[in-house]
Amino acid sequence: MIPLNPILSHIDNIPSTAGKFKPEKSSVCYIHHRLRFHISHPKLTLWPIIFLSFILFFFFLSPTSTTAPRRGLRTTTTTSHGGSSRWETRLKSSAKPRSCTGHTVLVTGAVGFIGAHASVALKRRGDGVVGLDNFNRYYDVNLKHSRKSKLLDRAGVFVVEGDINDDVLLRRIFDLVQFTHVLHLAAQAGVRYAMINPNSYIKSNIDGFVNLLEAVKSITEPPAMVWASSSSVYGLNSKVPFSEKDRTDQPASLYAATKKAGEEIAHAYNHIYGLSITGLRFFTVYGPWGRPDMAYFFFTKDILNRKEISIFEGDNHGTIARDFTYIDDVVKGCLSAIDTANKSSGNGGKKKGEFRIINLGNTSPVSVHKLVRILEKLLKMKAKKKVVLMPRNGDVALTHANISLARIELGYEPRMDLEMGLKKFVKWYLDYYDVKKKSSW
Ligand SMILES: O=C(O)[C@H]1O[C@H](OP(=O)(O)OP(=O)(O)OC[C@H]2O[C@@H](n3ccc(=O)[nH]c3=O)[C@H](O)[C@@H]2O)[C@H](O)[C@@H](O)[C@@H]1O
């Protein structure tokens, strides 16, 4: 990943089309700056050497020199994603399905919790998969690297380290591979963190999503998109269980507002450009390799460390509950959404690509008190509990999915109850941290 030559790596960031290479002003400025640095050297006798190096550099290493790039791709020997031809070969090979009936899927957020599991499941059943992830530091990046090495690498999924806001990179990936589907899971997750870093939600969930949709809609045969919405869009809706027809105009957090905005944005891209888009409203997904910012995860850690945990309650000791949904059930729902998605028609098509919004929950809410009781039983330890009135931090009192539509559209049927699912999580947690972080216990 480390650029071998700063001038080259800078040039490499310039989008180019064969025969249309035009360095951006900033790149030229950068080269001039580098040259000026050398020219200002007291020994003016260096002048001819510099001039000669300049000529040699452009003659041998210019991106437009020998091999003509396909559809505007860069073919330099160094890129921000490694040696270009090796990088391209690995990416293309990872994208190849085992059989001609298999899908070719780009998974964004591939080293995230759901992204890693979904990528592996797709690859295992024979689909071609390319992952994309920016490895951001919202939570322990080592866990993301472990998901990559222990899950994705082993399954043979190639992961591009990059951002969905990088339109040059997206174009490059879409130029190399004709994807049938994009499973878009890259997002700024977490309800409460939106009060700490609101702009990260706009950057990923709005800007990044639009950037991806722009790239997808520009492809001649655009892939169908399946993407992560959230149960949080139901916000202050009190009608339960939550049905896709219920109102979603009362978000309780900025996170929820950006996910709701995502649904509206997706609708517009479906309407104008004929993109086939399925939004999946996930309900508090948990399981092995999960997210450390989620309550079941950090409660486990804190119970083991004998640290106090805060259990939220509503007014008058009202129960706070979640429709906790096990990762394997959610992954099955994602794969089924991919399998059942209609093709995008593109804006030239007569028929509009389809637009679907579907709940993926467990349809059996469990209180936070019960969640803690199960963890205590599994860990064989008593939690130090402090019961507090739920702060106004973006959380809502209850989530509960109506999954009738998921049953019809996806043949979705959640199988795992919370106790069994947490057993699998705790087993993983003990194994993973026993090896990696014994000292922190
Ligand atoms: O399904 C969803 O829509 C959302 O699920 C989770 O959000 P959340 O359900 O709030 O999950 P947690 O943060 O793990 O909280 C679980 C429960 O524990 C409660 N909690 C949380 C923290 C705490 O210190 N104490 C406590 O009682 C919360 O109020 C909530 O009822 C994810 O963090 C979101 O990214 C996702 O979109």
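Atoms within each ligand, like the ligands themselves, are counted from 1 in listed order.
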Result block: side-chain N/O donor-acceptor pairs under 3.5 angstrom for residues 101-117, not counting sequence neighbours:
unit_1: T101; atom_1: OG1; unit_2: S99; atom_2: OG; d: 2.9
unit_1: H103; atom_1: NE2; unit_2: D339; atom_2: OD1; d: 3.0
unit_1: T108; atom_1: OG1; unit_2: H184; atom_2: ND1; d: 2.6
unit_1: T108; atom_1: OG1; unit_2: L185; atom_2: N; d: 2.9
unit_1: T108; atom_1: OG1; unit_2: A186; atom_2: N; d: 3.0
unit_1: H117; atom_1: NE2; unit_2: P288; atom_2: O; d: 2.9

With a 4.0 Å cut-off, would you call K385 and E308 a salt bridge?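 Salt bridge absent between K385 and E308.
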Mind checking whether F242 and N237 have side chains closer than 4.5 Å, heavy atoms only?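 Yes; the side chains approach each other to less than 4.5 Å.
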Pairwise ring pair (Phe, Tyr, Trp, His ring centres under 6.0 Å) hits with a residue in residues 393-415, at least two apart: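 Output for this query is empty, none listed.
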With sequence neighbours left out, write down each residue that passes side chain to side chain contact (heavy atoms under 4.5 Å, CB included) with L335, or none if nothing qualifies.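 Once residues adjacent in sequence are excluded, the partners of L335 under the side chain to side chain contact (heavy atoms under 4.5 Å, CB included) criterion are A121, L122, R125, V331.
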List the protein residues in contact with ligand 1, where contact means a heavy-atom separation under 4.0 angstrom.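 Contacts of ligand 1 under 4.0 Å: A189, G190, V191, R192, S230, S231, S232, Y255, F282, F283, T284, R291, M294, A295, F298, F299, S310, I311, F312, I320, R322, V368, D395.
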Can the ring centres of W289 and F425 be said to be less than 6.0 Å apart?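 No; F425 has its ring centre 6.0 Å or more from that of W289.
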